[in-house]
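A short write-up of the structure that comes next.
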Protein chains: 2
Amino acid sequence: MLCDVRERSICADLSARDMEQVERIMAHRTVPQNKAILKEGEPNDCLYVIVSGSFRLTKYLEDGRRQVTGFLFKGDFFGVRACDESAYTAEALEDSLVCRFPHAFLEEISTASPGIKDRLIARGQTEYHKAQDHIVLLGKKSAEERVLSFIELVGKSVGATADEDGEGRVIPLSMPRQDIADYLGLRLETLSRSLASLKKKGVLRDIGRKSLVLSG
Amino acid sequence: MLCDVRERSICADLSARDMEQVERIMAHRTVPQNKAILKEGEPNDCLYVIVSGSFRLTKYLEDGRRQVTGFLFKGDFFGVRACDESAYTAEALEDSLVCRFPHAFLEEISTASPGIKDRLIARGQTEYHKAQDHIVLLGKKSAEERVLSFIELVGKSVGATADEDGEGRVIPLSMPRQDIADYLGLRLETLSRSLASLKKKGVLRDIGRKSLVLSG
DNA sequence: CGAGTATTTGAAGATCATCAACTGTCGTGG
DNA sequence: CCACGACAGTTGATGATCTTCAAATACTCG
């Protein structure tokens, strides 16, 4: 079975011979909605590539406060760390499919396909830069600015489609409000009010549970 | 000339033969206080390792709001990205010394010393995890909690020393209050008040411009 | 249709920001 | 060596934004 995310992912660097190996070793795995595939503090020895669906990454404070540190979509991957325990929890936002690579296996075939490591470095940097943008968002932006930035980010990640009128861009949302609020460092109610306010101002054309429509 | 950060840094993976190469190619460079060695948006083709001193990483919003996304100390490195422009500005907090490696050079010797790439991957992950902790700090913690977390982070990074009485831990601060505030997503005044409050509560034993003393 | 959950809305309160004045510190030069 | 100026940091009073608690409404699924 072939992923349709191959060209965007690690497999793109593999030779035909290595690909055979991959197809023997790797495992596709379905992850039901809200099920964790990786848990903060638990050991992890695999890299996961998202074939379809989406995930949230979360971290918890000792007292239970939860922060969503990122959302991942098709083609993204997580679980890079080769050693000890995971720094975050990864949960499916919807029924999803991932491709699983043991680190040991990656290490092995990377001697033949060193491009794999370059991919990991580059992707690591991309994630780091996204985290920095997130930091700017949390450190310096107002509630409404955060919400707008989030919508644009999702739009870029999953792609926006034109709505019926051809006037607006539809942004699909696979996550509930609470996840968005926890990503933005806001309370549910503040997120809701910010969305309402953006709609009143005409920035948002429509607010749905599973999608938003941006004006223009 | 040999760095005393060698074992903590990329050079640790190099063979003796590669080290000769490194000593020919690499350049030590001094960076005066408040001078940027990397600027957000400008191209960069080198990796820098901090030999002595410290740096702040900053990002700016279009309207000038500044966010400090991280502080780096001896042994840390920045400028990993092999391509296009830098995602952040790196400025010296004090007169500092860095070691400079062109990416092309690293790429070249990594065929002989593949451990270098593993280092870059591992370090990239470490930075990413630090960024995630920063996100939790900004998204979920109160002003005082942020300040305490920051102090503990610096303590871990640069090492705390016992004070005269042997009762407290002295945390050296190489950055001004404004940088700390911009790191914590707070205003100067709020940072100052939080410090004062922590002292009144007995968590801090003393507050100085260039150091803090933690109780216990 | 109805129960349960997700989301929105309302009113009151807390935390942090803002504006302003004050104090402390450091380096310079008389 | 002390006085001065400039900047870094602190403290005070007021206000805005976001949170909290409470209740209403909308949506989903069996």
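Each chain gets a letter, A, B and so on, in the order its sequence line appears, and its residues count up from 1.
B/E127 contributes no side-chain N or O that, together with a main-chain N or O of B/G124, makes up a donor-acceptor pair within less than 3.5 Å.
Whole-Å rounding puts the B/I207 CD1 to D/dT10 P distance at 7 Å. Whole-Å rounding puts the A/Q33 CD to C/dA6 P distance at 10 Å. Between B/I180 atom CD1 and D/dT10 atom P the separation is 9 Å, expressed in whole Å. Look at CZ on B/R146: it is 13 Å from P on C/dT15, rounded to the nearest Å. Rounded to whole Å, atom C1' of D/dT19 lies 15 Å from atom CG of A/L184. Separating the NZ atom of A/K140 from the P atom of C/dA17 is a distance of 9 Å, rounded to the nearest angstrom. Rounded to an integer number of Å, the gap from CG of A/D206 to C1' of C/dT8 is 14 Å. Here C/dT7 presents its C1' atom at 11 Å from CD of A/Q178, a figure rounded to the nearest Å.
Classification of A/R169 and A/D163 as a salt-bridged pair fails, no side-chain N sitting under 4.0 Å from a carboxylate O. Using a cut-off of 4.0 Å between Lys/Arg side-chain N and Asp/Glu carboxylate O, A/R205 and A/D165 are scored as salt-bridged.
Note on B/G208: nothing from the nucleic acid sits closer than 4.0 angstrom, heavy atoms only. Counting any heavy atom pair closer than 4.0 Å across all strands shown, B/L186 reaches sugar-phosphate atoms only and no base atom.
Across the interface with DNA chain D, nearest-nucleotide mapping of A/K210 and A/A143 shows A/A143 to be the residue nearer the 5′ end.
Judged by distance alone with a 3.5 Å cut-off, no donor-acceptor contact links the side chain of B/E189 to the base of C/dC16. Between the side chain of A/R193 and the base of C/dG10 there is at least one donor-acceptor pair of N/O atoms closer than 3.5 Å.
Considering only side-chain N and O atoms, B/S192 lies under 4.0 angstrom from the phosphate OP1 or OP2 of D/dT10.
Side chains of A/F78 and A/I37 form a contact here, defined as non-hydrogen atoms less than 4.5 Å apart.
The side chain of B/R209 has D/dG9 as its nearest neighbour among D/dT10, C/dC16, D/dG9. When each of D/dT28, C/dC16, D/dG9 is scored by its nearest atom to the side-chain atoms of B/S142, the top-ranked nucleotide is C/dC16.
Shortest non-hydrogen contact noted between B/I135 and A/H134 is CD1-ND1, 3.4 Å.
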